[in-house]
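One structure below.
Remember, it's 1-based here, ligands and their atoms both numbered in the order they're listed. Computed from heavy atoms alone, side chains included, the values below leave out hydrogens, waters and symmetry copies.
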Amino acid sequence: MASHITTDQFLAAAKYRRTVYALKGSSSVSDSRIEEVVKDVLSFAPSSYNTQSARITLVLGDKHKQFWDIVIKESEPILKGAGEAVWNAMEPRFQGFKNAYGSVVFWEDGKTIKQAQDTHKASAAMFPEWADHASGMHQLLVWTALELEGLGANLQHMNAIPPVEAALKKFLDVPEEWKLKAHLNFGDEAQPHPDAPQKLPVSETFKVVS
Ligand SMILES: Cc1cc2nc3c(=O)[nH]c(=O)nc-3n(C[C@H](O)[C@H](O)[C@H](O)COP(=O)(O)O)c2cc1C
């Protein structure tokens, strides 16, 4: 059965997604609609062997501000350790992320990955990588869907600083075996929706063999 959505409509929707940094602390989309969108993605997004290791926490309003207060507190000594200039460059960025309305936090459940490795022993070594691929697919779907709703969003990786991950796990009350993969700040746009950045010429990135 053919889909009622055309390929061009699908690609146009995917192309609309952009990194939007300037976000307001408001959302023209209701919390329940945001929740519905995220849950919908979890209900159909692909994963290797249908493993379903992706986990998502939705953080809204004041909790989003507290989330960023934790990131700032935990990362400050580490980034300052890398040089005052590093902290001076990052701190305003973090404050900008805090200004947003909410975060979609993407995790991977290590227990589920381990079970898949035990079940499919021949491919066991591949499962962490495949879980990352699947997480990226979830991230892209949620990011695109929220922007189609009219919000702006940007994807961040504060898991690069280990104490941040530990503190966020505690704050969001997630199991120890979950691993932080990425998180998406979102809110009403405080800037015009950007155009796509320049891409490499397709002659450098694509080849057809026939
Ligand atoms: C895997 C991945 C990781 C990214 N990590 C970050 C990040 O940590 N911080 C950030 O500001 N943007 C991050 N981005 C956003 C990219 O910088 C952005 O997608 C790219 O510049 C193209 O712009 P666009 O999103 O508007 O298409 C990431 C994007 C991808 C796909």
Side-chain angles (χ1 to χ4, degrees), residues 10-25 37-38 41 45-48 53-57 59 64-65 67-68 70-72 74-76 78-79 82 85-108 113 126-169 172 178-202 204-206:
F10 171 72
L11 292 177
K15 274 181 203 169
Y16 182 73
R17 181 217 53 79
R18 293 266 74 78
T19 293
V20 182
Y21 286 117
L23 299 171
K24 298 183 190 169
V37 165
V38 174
V41 166
S47 58
S48 65
S53 54
R55 303 288 181 269
I56 294 178
T57 312
V59 187
H64 170 82
K65 312 283 179 206
F67 177 105
W68 271 102
I70 290 169
V71 176
I72 291 166
E74 298 293 332
S75 61
E76 183 174 356
I78 293 162
L79 294 181
V86 175
W87 177 244
N88 290 343
M90 292 310 289
E91 206 256 341
R93 280 176 67 90
F94 292 172
Q95 291 297 340
F97 299 143
K98 183 179 165 183
N99 288 343
Y101 177 72
S103 293
V104 184
V105 189
F106 297 88
W107 312 88
E108 280 173 8
I113 295 172
M126 289 304 296
F127 275 95
E129 186 175 328
W130 286 336
D132 276 351
H133 295 187
S135 177
M137 293 180 194
H138 286 71
Q139 294 163 34
L140 182 66
L141 288 164
V142 171
W143 190 352
T144 306
L146 291 184
E147 293 208 347
L148 290 170
E149 284 289 317
L151 300 171
N154 62 72
L155 193 67
Q156 300 304 320
H157 293 86
M158 298 316 301
N159 46 342
I161 304 172
V164 171
E165 173 167 359
L168 289 177
K169 269 179 159 172
L172 299 173
W178 288 19
K179 196 167 169 197
L180 179 61
K181 287 284 123 184
H183 92 266
L184 191 71
N185 298 303
F186 65 87
D188 288 329
E189 291 179 324
Q191 63 170 83
H193 195 71
D195 292 328
Q198 197 174 0
K199 299 290 175 184
L200 292 169
V202 109
E204 287 182 28
T205 56
F206 174 77

Out of Gln156, Met158, Gln198, His193, the nearest non-hydrogen contact to atom 9 (N) of ligand 1 is supplied by Gln156
Give the residue, atom name and distance (to 0.1 Å) of the protein heavy atom nearest atom 3 (C) of ligand 1. His157 CE1, 3.2 Å
Hey, does the Lys NZ or Arg CZ of Arg17 hover above the aromatic six-ring of Trp143, less than 6.0 Å from the centre and inside 45° of the axis? yes
Atoms in ligand 1 with a heavy atom of Arg93 nearer than 4.0 Å: 11 (O)
Between Glu165 and Trp178, the two heavy atoms sitting closest are OE2-O, 4.0 Å
Hey, does Trp143 come in under 3.5 Å of ligand 1, counting only N/O atoms on both sides? no
What residue and heavy atom of the protein are closest to atom 27 (O) of ligand 1, and at what distance? Arg18 NH2, 2.8 Å
Between ligand 1 and Gln139, can you find any atom pair, the residue atom being a heavy atom, that is separated by under 4.0 Å? no
For atom 16 (C) of ligand 1, which of Leu155, Leu184, Thr19, Leu140 has the closest heavy atom? Thr19
Decide side-chain contact (heavy atoms from CB on, under 4.5 Å) for Asn154 and Leu184; before the verdict, give the C-alpha distance in whole Å, the side-chain angles of both, and the deciding distance to 0.1 Å. CA-CA 5 Å; Asn154 62 72; Leu184 191 71; 5.9 Å; no
Numbering the atoms of ligand 1 from 1, which are under 4.0 Å from a heavy atom of Tyr21? 10 (C), 11 (O), 12 (N)
Regarding Ser47 and Trp130, is there a side-chain donor-to-acceptor distance under 3.5 Å anywhere? no
Is it true that a side-chain atom of Asn185 and a backbone atom of Ala100 form a donor plus acceptor pair closer than 3.5 Å? no
Considering only protein heavy atoms, determine whether one is less than 4.0 Å from atom 7 (C) of ligand 1. yes
Determine, counting only non-hydrogen atoms of the protein, whether one lies under 4.0 angstrom from atom 24 (P) of ligand 1. yes
What I want to know is whether Arg17 and ligand 1 share at least one N or O pair that is separated by under 3.5 angstrom. yes
Identify the closest protein heavy atom to atom 22 (C) of ligand 1: which residue and atom is it, and at what distance? Pro197 CG, 3.7 Å
Would you check if the distance from the ring center of Trp68 to the ring center of His183 is below 6.0 Å? yes
Please give me the minimum heavy-atom distance between Leu155 and Ala182, naming the atom from each residue. CD1-CB, 4.0 Å
Measure the distances from the heavy atoms of Ala196 to every atom of ligand 1 and state whether one is below 4.0 angstrom. no
Salt bridge (charged side-chain N to carboxylate O under 4.0 Å, His left out) partners of Glu91, counting only residues at least two apart: none
Kindly give the heavy-atom pair with the smallest separation between Val86 and Leu79, and that separation in Å. CB-O, 3.8 Å
